[in-house]
Structures are given as structure tokens and as C-alpha cells.
Novice: 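I'd like to ask you about the structure that follows.
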Amino acid sequence: MSDAAPRPIWRTAVQPRWLGLLALALAIAAVMTAMGVWQLGVYKSKTATATAERAAAPPVPLRSLFSIDEGLPAKAVGRQVTISGTWGPTADQVFVADRLQDGRQGFWVVSPLKLSDTDAVMVVRGWVASVTDPAGKALNGPVSLTGAVVASEAEDSSDDAAKGRVLSSLRIPTIVHMVKYRVYDAFVVQTSAAGTSPAPAAVVPPPPPTDHAGLRNVAYAFQWWIFAAFTLWMWGRMVLDAHRSPEDSDDSGDSDDDGLADGPAGAGGVEADRAEVAVEPSGTVSA
């Protein structure tokens, strides 16, 4: 009985046939990985295109996207809209602090635009350096303007409303408690309107949220990466099975040699046994 240590698996793995299969598996996995990256690139391209198309779409009336009784739908964020109405009460205008413009801190001027006696939309008219800037003075009278739809910011500014007209964030839930009429669940960042002088500096609308088009391509990408991993796993499993197989062990050769070594000796033993058997003249066989 042999006391030799078990053969390490790496000795099986470095055999030429398994190294060749490893090279093939790596090549296949590399192609599949590249296909996954390509599918992810397709998704990003579709997403960027859809987002840009939404922002560049021709302006439409705000009411055509959603009503004042609805929450802001994702498809409306970033869209260019047209609105017409009358500027709301001067007392309802607010300022949003800590807004950076050309490297300077200042305020956004947010004024209500009444669409009817009971409905209004909050308009970000522009940026001023201070709340006393003449350009930030509240307007009155009828107006028609174009702007981009933006959503409320996440930061809560409810405490600011009790202190005055300067808020720390742009939030409809805060403003609804400061006015006596209904407001849309969105802001419109003014991009064009009838000229007023002096006027706040124009504000660049925040980028619209990503339009997740082509999600199917993301699924395809993950499928390709799973296939690549499975290919390498299959190679490892095949090597392990071969390592466990008696036909692939070094002991198989030794057992054959033992058989060959025992052969002549066994044959000699048989001949010796035959020599010991003698046939007596009487016909009886004796050992």
C-alpha cells in the first residue's frame, strides 16, 4: 500500500489539454464581457438621448402635462412649458438663499404667477445678489413666459417659513402653507419672458433627471457577464472532475507496472505447481 501524498490539483490543471481549454475559456469569457460592456454603452446612449430629447422638446402649455390636482409626473420634469397669467401678490414672493451664480453667493427670486383666481405656479424669475436688489422687486400685471419644469428640493425649509420670506430650499410643501391659493407641485425656471428692467440674472435650470430608456440593455449586459463567469466556472469544474478521476492519477501507471511485474512471477509459480504434479503408473494422480 502506497503512503504517497494526494496529487495536488494544480498538477492536473497545468496539463496541456487543460491549459488549452483555459485559454479558450478565457477568450470566450473576454468576448462575453465585451458584449456586456457594449450593451451597457447602448443603455447609456439611449438614456442620454432620451433625456436630451425631453429637455429640447418644443414648449407646451403647462396644463397639458399635468393638472394642479396631480403630483408632478417624472415625464414632466425638465420639459419646456409656456404659462400665461398675472403676477401674484407682492407679499407672496420668496427668496431662496445660498444660490451660486458665476462664483457669487446670492438668492433666487421666486414669484407666484396666478393662472386663475384660485390657481398659481411658482416661477423662479432669476438670481440677485441680495434681497434688497432692485432687480428682485416683485412684479405685477399680466405676463406670458417660457420656462423649464423643476421638482422640489429634498431639504426641508418649514422652519424658515415662520421666520420670513427667505427659504433655505426650493420646496412646494413649504410654500403651500405661505399662500392662500393652490399651487402646482412644481416650479418653473423662467427662460424667456417679456423684458423687465432691471431684471434678475437668468438662472440655468437644473439638469433633468435621467430618463432610464433601454433598461432591457442593462439586463442583456448582466446576462453576458453571467455567461462569462459560467464559462470559467465550467472549466474549473471539468478540471476538478478530471483530478478526481482514477484515470487521471499517477497511481494508474503504477498499478499497471505492478501487474506486469507480477505476471512472470505468477506464470513461474504455475509452472512450479505443475512440476509438482506427477501421474503415477496406476493412473492415479498424486501431488
Side-chain angles (χ1 to χ4, degrees), residues 43-88 92-96 99 101 107-127 139 142-158 161 167-194 200-218:
Y43 161 73
K44 291 180 178 179
S45 177
K46 288 183 177 180
T47 296
T49 300
T51 303
E53 288 177 351
R54 180 172 52 170
V60 296
L62 177 63
R63 288 190 175 96
S64 69
L65 296 179
F66 66 110
S67 74
I68 198 169
D69 297 315
E70 300 177 273
L72 174 62
K75 66 179 182 179
V77 180
R79 285 293 306 270
Q80 292 285 324
V81 296
T82 57
I83 49 178
S84 299
T86 304
W87 291 114
D92 290 344
Q93 177 171 281
V94 298
F95 296 88
V96 182
R99 302 292 136 164
Q101 182 93 348
F107 302 83
W108 281 358
V109 183
V110 183
S111 302
L113 195 154
K114 297 290 292 296
L115 306 176
S116 67
D117 292 338
T118 59
D119 300 341
V121 59
M122 302 303 296
V123 177
V124 179
R125 291 171 45 212
W127 178 92
L139 303 177
V143 66
S144 295
L145 59 85
T146 301
V149 176
V150 299
S152 294
E153 296 173 346
E155 181 184 350
D156 186 17
S157 57
S158 300
L167 308 178
S168 59
S169 64
L170 195 68
R171 279 183 61 80
I172 289 297
T174 300
I175 294 177
V176 293
H177 299 293
M178 302 174 66
V179 299
K180 297 180 179 179
Y181 37 82
R182 301 189 306 168
V183 295
Y184 268 83
D185 185 27
F187 294 88
V188 174
V189 177
Q190 180 177 337
T191 56
S192 66
V203 170
V204 177
T210 301
D211 193 336
H212 295 287
L215 286 175
R216 182 181 300 178
N217 297 100
V218 176

Novice: Does some side-chain heavy atom of Val94 sit less than 4.5 Å from a side-chain heavy atom of Thr174?
Specialist: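 A side-chain contact under 4.5 Å is absent here.
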Novice: So Val96 and Phe107, do their side chains get closer than 4.5 Å, heavy atoms only?
Specialist: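 Not touching, per the 4.5 Å side-chain cut-off.
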Novice: Where do Tyr181 and Thr118 come nearest, in terms of heavy atoms and distance?
Specialist: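 For Tyr181 and Thr118, the tightest heavy-atom pair comes out as CB-O, 3.5 Å.
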Novice: What heavy-atom pair brings Asp185 and Glu70 nearest, and what distance separates the two atoms?
Specialist: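 The pair with the smallest heavy-atom distance is CB-O, 4.1 Å.
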Novice: Indicate the atoms forming the closest heavy-atom contact of Leu72 with Ala76, along with that distance.
Specialist: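 Between these two residues, the closest heavy atoms are CD1-CB, 4.0 Å.
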Novice: Do side-chain atoms of Thr82 reach the backbone of Pro59 as a donor and acceptor pair under 3.5 angstrom?
Specialist: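 Judged by distance alone, no pair lies under 3.5 Å.
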Novice: Against Arg182, only a single residue in Val176, Asp69, Val121 fulfils side chain to side chain contact (heavy atoms under 4.5 Å, CB included); can you say which?
Specialist: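 Filter result, single survivor: Asp69.
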Novice: Taking all non-hydrogen atoms of both residues into account, name the closest pair between Val188 and Gly147 and its distance.
Specialist: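 Where Val188 meets Gly147 most closely, the heavy atoms are CG1-CA, 3.6 Å.
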Novice: Keeping Ser111 on the side-chain end and Gln93 on the backbone end, is there a donor-acceptor pair under 3.5 Å?
Specialist: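 No; zero donor-acceptor contacts below 3.5 Å.
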Novice: Val183 versus Pro112: any side-chain heavy-atom pair under 4.5 Å?
Specialist: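 No, side chains not in contact.
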Novice: Please tell me if the side chains of Val143 and Gln190 come closer than 4.5 Å, counting only heavy atoms from C-beta onward.
Specialist: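 No - every pair of side-chain heavy atoms lies 4.5 Å or more apart.
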Novice: Using modelled atom types and a 3.5 Å cut-off, is there a donor and acceptor pairing between side-chain atoms of Gln101 and backbone atoms of Ala202?
Specialist: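 Flag set: sc Gln101 to bb Ala202 pair under 3.5 Å.
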Novice: Could you state the interatomic distance from OG (Ser84) to CG (Leu115), rounded to the nearest 0.5 Å?
Specialist: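 If I round to the nearest 0.5 Å, the distance is 8.5 Å.
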Novice: Assess Arg99 against Trp127: is NZ or CZ under 6.0 Å from the centre of the six-membered ring, and within 45 degrees of the ring's axis?
Specialist: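 No cation-pi geometry.
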Novice: Taking NZ, NE, NH1 and NH2 as the nitrogens, is one of them in Lys180 or Asp92 under 4.0 Å from a carboxylate oxygen of the other?
Specialist: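 The answer is no: the pair does not qualify as a salt bridge.
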Novice: So, Arg171 side chain and Glu153 main chain: donor-acceptor pair closer than 3.5 Å or not?
Specialist: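 Yes, Arg171 side chain to Glu153 backbone: donor-acceptor pair under 3.5 Å.
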Novice: For Ala57 and Gln80, work out which heavy atoms get closest and say how close.
Specialist: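 In this case the closest contact between Ala57 and Gln80 is O-CB, 4.1 Å.
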Novice: Identify the two heavy atoms, one from Tyr184 and one from Ser67, that lie closest to each other, and give their separation to 0.1 Å.
Specialist: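 Smallest heavy-atom distance, with atoms named: CE2-C, 3.6 Å.
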Novice: Using 0.5 Å steps for rounding, measure from the CD1 atom of Ile83 to the OG atom of Ser144.
Specialist: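 Rounded to the nearest 0.5 Å, the CD1-OG separation comes out at 9.0 Å.
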Novice: So Phe95 and Leu167, side-chain contact (heavy atoms from CB on, under 4.5 Å) or not? Walk me through it.
Specialist: CA-CA 6 Å; Phe95 296 88; Leu167 308 178; over 6 Å; no
Novice: Could you tell me if the side chain of Val123 sits less than 4.5 Å from the side chain of Trp87, heavy atoms only?
Specialist: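 A side-chain contact under 4.5 Å exists here.
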